[in-house]
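Take a look at the structure set out below.
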Amino acid sequence: ATSQQRRQLYLHFLINMTRDSSTQGMMPAYALFAFTLWQSFCSSGIVYGWPLLMLLLKQEGVYASRCPQGVEECSSRDVALNLVFTAGAMCNILGGVIGGPISSPKVALGLGVVLTTLGSLLLALAPSNSEFLWPLAYIFQGLGGGIVHFGAMSLGNVFGKNRGWIMACLAGVLGLSTFVYQIFYAFYTAGMSRQAVFLLHSGIMVLNLLGTLWLWPMRPFRAGETVGFQHGRMVALNGISMGANAANKARISCKTVLKFAIAPKFVGFVCFLATQLWLSRCLMGMFGAELAWKNRILEDMGSAPISVSKHLTLFTMSQAVMGLTVIPVFGTIAAKYGHIGAPAFATGLLSVVWLACLCIPAEWPLYILYIFAGWHRQFFFSTFLNFMTSEYAPEVYGRLLTITNLMSGFVVLVQNPMLAFILNSLDGNFWPMLAFMLALASLLTAIAGWCLLQERRALKNSKDQKAKDSDAYDSEESISNEDLAENTESSDRSIENAA
């Protein structure tokens, strides 16, 4: 085909894509999914790129007044900066509390993008000597990112059996979004001002807001629906309409949410994942102080000190990249061994490994830590989302998510007073905290392993019972066939005798 023919075919394709049609296949769904991934990358988990943003803020002189004259590093400044991260991380989790009850994805995603934009504007325009604007900016970014992440969950219903992979991708891009501050810090070190960096991000988020208002429908997608174009906008097509019976079921399920919330399975699983989240957030929020503590240990041993800025950069990059590499592994484990015991055991095992690496007084274990900590972060997010969407109906899921996020948010809040206690009362000695974390992670991993064995045993018993039932059914069917043959033969004799 000539170039003119190719252009005509491409134009014809674009015209057909924007016509009212219910036979457009999965292409509109993948287009919306691609935009959602980009939007999530720009906002959902950027607060977890904190280590490099902390370096940027330190170079800008933020909270420098907390230290004595002529001193750049002190425990009071570290605690104040950690409070900024704690506020943003807690609000990122609590974003599900706001985004979950909002039934319209267009409204939820639009609100999340607006809050993230406000946070970037504050980071750009706040004066360096401000005390309260920095945590306020991070609260906006964390809250907006959480709403964006949870507001897009209904898109998985469009992909049928591949919903687990879609959920894993959304969780993976949440981790990948920590790379945004890596890009910002590179621009900053290349000579761009703080104001220009965050105003650029604000402009990108405004474009994302326009895309959200144009592409996303007002109501969430239901199972069995597809995505199509009507009047130049994306809508849900071929869905199963909710009748009066379905609406009554939804109202009944709202009244019985408490029964699900106090069930041992839900309580145990949420406690396990909240603990894993706490371990990961403590590592992210305290890693700069932990590197300084490790430097003191290495100097006492006569070893060369490590570069704090280099390791903070590597840590942020690994959190962004390593999570994506383990998505196929998670999908395989969940498909082959189930979505509860096996992913939980793998998550606990990964936490034990990176905690053990952090305890070793040397630099080389840090590189192993970066790999396993990135995998661990991806695993507990994917495990949580897969558990919630697989175990509970959509009308129950949103309310249980609210309970889970409230619990997880307050658990993350604990890490700031913990850091203040370690730096002030323990003189920066992290050994007691790491020993407690390692013991707790080992205990939870053992419990998850026991649950996995119970699941496998129950599955084996179920298969054996089904095999026995199948054999018994085959035996009864064989006997019935023999009786039928005898009865037929007897009837034939009777007819012959009568004749």
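Values below: every heavy atom of this structure, side chains too, minus hydrogens, waters and symmetry copies.
Under the 6.0 Å cut-off for aromatic ring centres, F380 and F272 do not qualify, their centroids lying 6.0 Å or more apart. For an aromatic pair to be called close, the ring centres must be under 6.0 Å apart, and H311 with Y367 satisfies this. For W375 and W354, the ring centers are positioned 6.0 Å apart or more.
With hydrogens and angles left out, the side-chain atoms of T313 and Q182 include no donor and acceptor closer than 3.5 Å. Inspection of the N208 and T212 side chains reveals no N or O donor paired with an N or O acceptor under 3.5 Å. Of the N and O atoms on the side chains of Q378 and S382, at least one donor lies less than 3.5 Å from an acceptor on the other residue. No hydrogens or angles considered: nothing links the side chains of Y63 and D78 as a donor-acceptor pair under 3.5 Å.
Looking at F330 and T383, their side chains come closer than 4.5 Å, going by heavy atoms from C-beta outward. N92 is not listed as a side-chain neighbour of L143, based on a closest heavy-atom distance of 4.5 Å or more.
Annotation for W450: atom CH2 does not count as buried by contact number, only 12 or fewer foreign heavy atoms lying within 6.0 Å. The local environment of OH in Y337 is sparse, with at most 12 non-hydrogen atoms from other residues, nucleotides or ligands closer than 6.0 Å.
Looking at K460 and E455, no side-chain N of the basic residue comes within less than 4.0 Å of a carboxylate O on the acidic one, giving no salt bridge. A salt bridge links K58 with E73; the closest basic N to acidic carboxylate O contact falls under 4.0 Å.
Using a 30° and 60° split on the angle between ring planes, F430 and W293 fall in the tilted class, from 30° to 60°.
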